[in-house]
Amino acid sequence: MSQKYAAVKGMNDLLPPDIAVWQHVERTARKTLLRYGFHEIRTPIVEDTALFVRSVGEGTDIVGKEMYTFDDKGGRSITLRPEGTASAARAYIEHAMHQKEAVTRWFYMGPMFRYERMKTGRYRQFYQLGVEAYGVAEPAQDVEVMECVMHWLQELGLKDVKLQVNSLGDETCRPAFAARVKEYFEAHREQLSPDALETLSKNPLRLFDSKEEALKPLIAKAPILFDSLDDASRNHFTEVTRQLSMLGVPYELNPRLVRGLDYYTRTVFEFIAADPVLGTASAVGGGGRYDNLISELGGPKTPAVGFAMGLDRLALLLNGRSDALQHRPDLFLVSVDAAAHDEVMRLARSLRHQGLAVEFDARAGSVKSQMKRADKSRAMYALVLGEKELAEQKGNLKPMREELPAREVQLEDLARVLKGLG
RNA sequence: GCGGUCUUAGCUCAACUGGCAGAGCACCGGAAUGUGACUCCGGGGGUUACCGGUUCAAGCCCGGUAGAUCGCCCCA
């Protein structure tokens with residue numbers, strides 16, 4: 001099974017019938033997000049490397065070791081986007097959106113790239129759908145964004161996804177808390193693995209995220225961020241949770257929830273699915289508020305909140321439902337001879353123009369082989385055309401999906417009958 | 001970046017301690033000649049991931065490479 005060419009490691013082809021689940025996820029997202037007044041944007045897949053370094057953060061793993069970076073022929077360093085928020089923020093600033101409207105609500109979907117070791121639900125080219133809401137500092141915006149995701153997940157029939165929320169505070173209270181956390185873990189250095197020590201020196205809050213069993217008791221006794229929030233951040237967070245409750249959106253407080261990107265302020269949240277098909281990749285999405293990102297990238301001071309969902313992981317969760325989502329042609333036409341095949345082509349063209357999904361086998365061949373093809377196509381009905389049918393202009397419409405008797409129809413009535421039958 | 005397991009037909013997998021590489025599914029064709037899916041018969045498909053080594057003989061043993069998969073780090 002030696003192949004001359006294969007897809008690049010960590011990057012996968014998506015083929016039928018699996019693609020049906022993806023289309024379902026995307027279709028449902030577009031429909032739901034539009035109801036909330038979010039509008040789709042498409043940005044380039046590459047950006048200046050500096051944009052990601054600046055926004056995602058110098059000390060993060062993404063920037064430190066996971067970016068696909070290369071020089072183009074003009075000597076510019078460009079990078080395949082590892083996430084979507086930086087590109088959207090750049091577009092927001094570049095197009096001076098703040099001068100055009102007070103509030104901007106965008107969503108995007110598409111491939112992202114990170115050079116990582118693969119495992120279930122994690123690929124080097126993966127797909128995210130993200131939402132960004134700019135211009136609103138009020139907690140209601142955080143809440144609307146979270147509620148919107150829960151709504152979308154519900155439309156997809158994913159009931160077992162939990163929303164976890166936390167507040168990271170902001171630039172006035174977080175540094176002091178980070179220092180307390182560092183101090184706490186420093187005092188227990190001897191219990192830390194080399195990996196953990198590394199994290200401690202780079203970004204102590206991220207220790208909360210560790211999956212090392214040995215660390216768990218230590219994490220459990222660590223200082224709680226909520227106790228260190230200043231009044232503004234505490235009030236913001238309290239209001240976020242009050243409004244979530246008020247709307248009946250189920251959520252859990254997770255005081256250990258931190259996120260891997262540097263730009264988050266105050267509210268952060270994650271969507272967690274317990275389904276074993278995800279392995280240890282239990283987070284299907286996450287997001288938060290990033291009130292400083294736009295100004296850090298050179299734009300005006302603009303509050304913002306957003307999230308990104310991992311579409312690969314949603315697709316994994318929905319794989320069991322692939323069958324019901326497959327396309328079914330309304331009709332498969334079968335010809336007995338050359339004259340009938342001409343009529344099949346004419347009839348197919350006519351019915352397709354009337355909005356019906358109609359297929360036939362361009363190779364013709366035996367009636368039997370065409371019928372097999374009809375079965376494979378998953379068509380609802382098959383119709384065989386031969387000398388008799390052409391002469392009488394009528395034929396037997398045969399149900400393929402269930403055991404029912406065929407029904408005689410005039411060829412000119414086909415479209416009406418098929419639409420009536422559903 | 002670190003560690004474990006694995007790689008045989010398009011897919012899922014067989015092949016006793018090294019001894020002629022197989023099955024099911026799928027695909028194609030046929031079974032009174034114009035009706036699928038069920039049944040029966042037949043057919044095409046493989047340098048056993050790749051490179052090298054040991055041996056009279058390697059799918060099987062040894063080394064390397066690539067890929068897949070699981071855990072850690074980290075993340076969607």
Side-chain angles (χ1 to χ4, degrees), chain A residues 1-4 6-12 15 56 59-66 82-85 109 111-130 149 193-199 202-203 206-207 209-215 258-261 270-273 276 278-287 307-317 332-337 340 361 363-379 381-390 395-403 406:
Chain A
M1 199 174 35
S2 80
Q3 243 112 37
K4 187 156 188 182
V8 171
K9 182 180 169 84
M11 308 198 181
N12 301 312
L15 306 177
V56 175
T60 60
D61 275 29
I62 292 177
V63 169
K65 59 183 190 188
E66 294 172 1
E83 58 105 44
T85 293
M109 58 176 93
M112 308 290 163
F113 302 84
R114 292 182 201 171
Y115 190 89
E116 290 185 282
R117 274 295 266 275
M118 293 155 52
K119 47 183 284 196
T120 304
R122 187 169 72 187
Y123 314 101
R124 289 182 175 178
Q125 174 172 337
F126 61 104
Y127 297 81
Q128 283 189 337
L129 181 148
V149 181
S193 67
D195 275 339
L197 285 170
E198 167 103 25
T199 307
K202 282 197 308 199
N203 190 348
R206 295 214 49 76
L207 280 172
D209 238 4
S210 173
K211 283 177 189 146
E212 286 182 46
E213 282 302 325
L215 218 50
V258 291
R259 309 245 330 129
L261 291 71
E270 254 176 35
F271 299 91
I272 311 286
L278 293 178
T280 53
S282 55
V284 294
F307 74 86
M309 294 295 283
L311 300 186
D312 306 79
R313 292 178 183 179
L314 290 187
L316 278 173
L317 291 174
F332 195 102
L333 290 168
V334 171
S335 60
V336 175
D337 53 33
D361 190 339
R363 300 170 303 181
S366 70
V367 169
K368 183 189 190 72
S369 68
Q370 291 180 68
M371 285 303 293
K372 283 187 177 177
R373 183 117 184 130
D375 186 56
K376 271 207 65 181
S377 78
R378 312 167 66 91
Y381 296 91
L383 179 65
V384 177
L385 291 186
E387 243 180 288
K388 179 163 170 284
E389 287 78 8
L390 293 196
N396 288 316
L397 193 59
K398 174 169 179 166
M400 298 295 281
R401 313 308 304 175
E402 47 199 342
E403 289 293 342

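Proteins get letters first, then strands, A, B, ... in listed order; numbering begins at 1 in each.
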Heavy atoms from C-beta onward define the side chain here; which of B/rA76, B/rG34, B/rC74 lies closest to that of A/Val384? B/rG34
Choose from B/rC73, B/rG30, B/rA68 the nucleotide whose nearest atom is closest to any side-chain atom of A/Lys9. B/rA68
When pairs are called at under 3.5 Å and a stem needs at least three consecutive Watson-Crick or G-U pairs, the stems of RNA chain B are B:1-7 with B:66-72, B:10-13 with B:22-25, B:27-31 with B:39-43, B:49-53 with B:61-65
Measuring to OP1 and OP2 of B/rA76, would you say a side-chain N or O of A/Arg259 lies under 4.0 angstrom away? yes
Determine: side-chain N/O of A/Ser369 to OP1/OP2 of B/rC28, distance under 4.0 Å, yes or no. no
Please give, in whole Å, the distance from [N] [atom2] to [X] [atom1]?
X        : N      : atom1 : atom2 : value
A/Arg313 : B/rC74 : CZ    : P     : 14 Å
A/Lys372 : B/rU39 : NZ    : P     : 12 Å
A/Glu116 : B/rC2  : CD    : P     : 15 Å
A/Leu397 : B/rG34 : CG    : P     : 21 Å
A/Lys368 : B/rG29 : NZ    : P     : 10 Å
A/Tyr123 : B/rG67 : OH    : P     : 17 Å
A/Lys119 : B/rC72 : NZ    : C1'   : 8 Å
A/Gln370 : B/rG34 : CD    : P     : 12 Å

Regarding [X], tell me which of base, sugar-phosphate or nothing describes its non-hydrogen contacts under 4.0 Å with the strands shown.
X        : answer
A/Thr199 : sugar-phosphate
A/Lys376 : sugar-phosphate
A/Leu314 : nothing
A/Gly10  : sugar-phosphate
A/Ala374 : nothing
A/Glu83  : nothing
A/Lys398 : base

Distance, [atom1] atom - from [M] to [N], rounded to whole angstrom:
N      : M      : atom1 : answer
B/rU8  : B/rA58 : C1'   : 14 Å
B/rU12 : B/rG34 : C1'   : 37 Å
B/rG30 : B/rU48 : P     : 33 Å
B/rU17 : B/rC61 : C1'   : 13 Å
B/rA9  : B/rC2  : C1'   : 36 Å
B/rG36 : B/rA26 : P     : 16 Å
B/rA68 : B/rA57 : P     : 35 Å
B/rU5  : B/rG64 : P     : 13 Å

Counting N and O atoms only, with roles assigned by atom type, does the side chain of A/Arg114 sit under 3.5 Å from a partner on the main chain of A/Glu66, one being a donor and the other an acceptor? no
Counting distance only, does the side-chain N/O of A/Arg124 pair as donor-acceptor with the main-chain N or O of A/Met11 below 3.5 Å? no
What are the two closest non-hydrogen atoms of [X] and [Y], and how far apart are they?
X        : Y        : result
A/Ala406 : A/Pro399 : CA-CD, 4.0 Å
A/Gln125 : A/Phe113 : OE1-CE2, 3.2 Å
A/Gly121 : A/Leu316 : CA-CD1, 3.8 Å
A/Ala283 : A/Arg313 : O-NH1, 2.7 Å
A/Asp361 : A/Arg373 : OD2-CD, 3.4 Å
A/Ala379 : A/Arg401 : O-CD, 3.2 Å

For A/Met309 and for A/Arg363, find the nucleotide of RNA chain B with the closest heavy atom, then tell me which residue's nucleotide is more 5'. A/Arg363
Taking the nucleotide of RNA chain B with the closest heavy atom to each, which residue, A/Phe271 or A/Met11, is nearer the 5' end? A/Met11
Examine the base of [N] for any acceptor or donor lying under 3.5 Å from a partner atom in the side chain of [X], and report the outcome as yes or no.
X        : N      : value
A/Glu389 : B/rG34 : yes
A/Glu270 : B/rA76 : no
A/Arg117 : B/rG3  : yes
A/Arg122 : B/rC74 : yes

Side-chain contact test, heavy atoms from C-beta onward, threshold under 4.5 Å: evaluate it for A/Met109 versus A/Met309 and give yes or no. no
By ring-ring contact (aromatic ring centres under 6.0 Å, His included), A/Tyr127 pairs with (sequence neighbours left out) A/Trp22
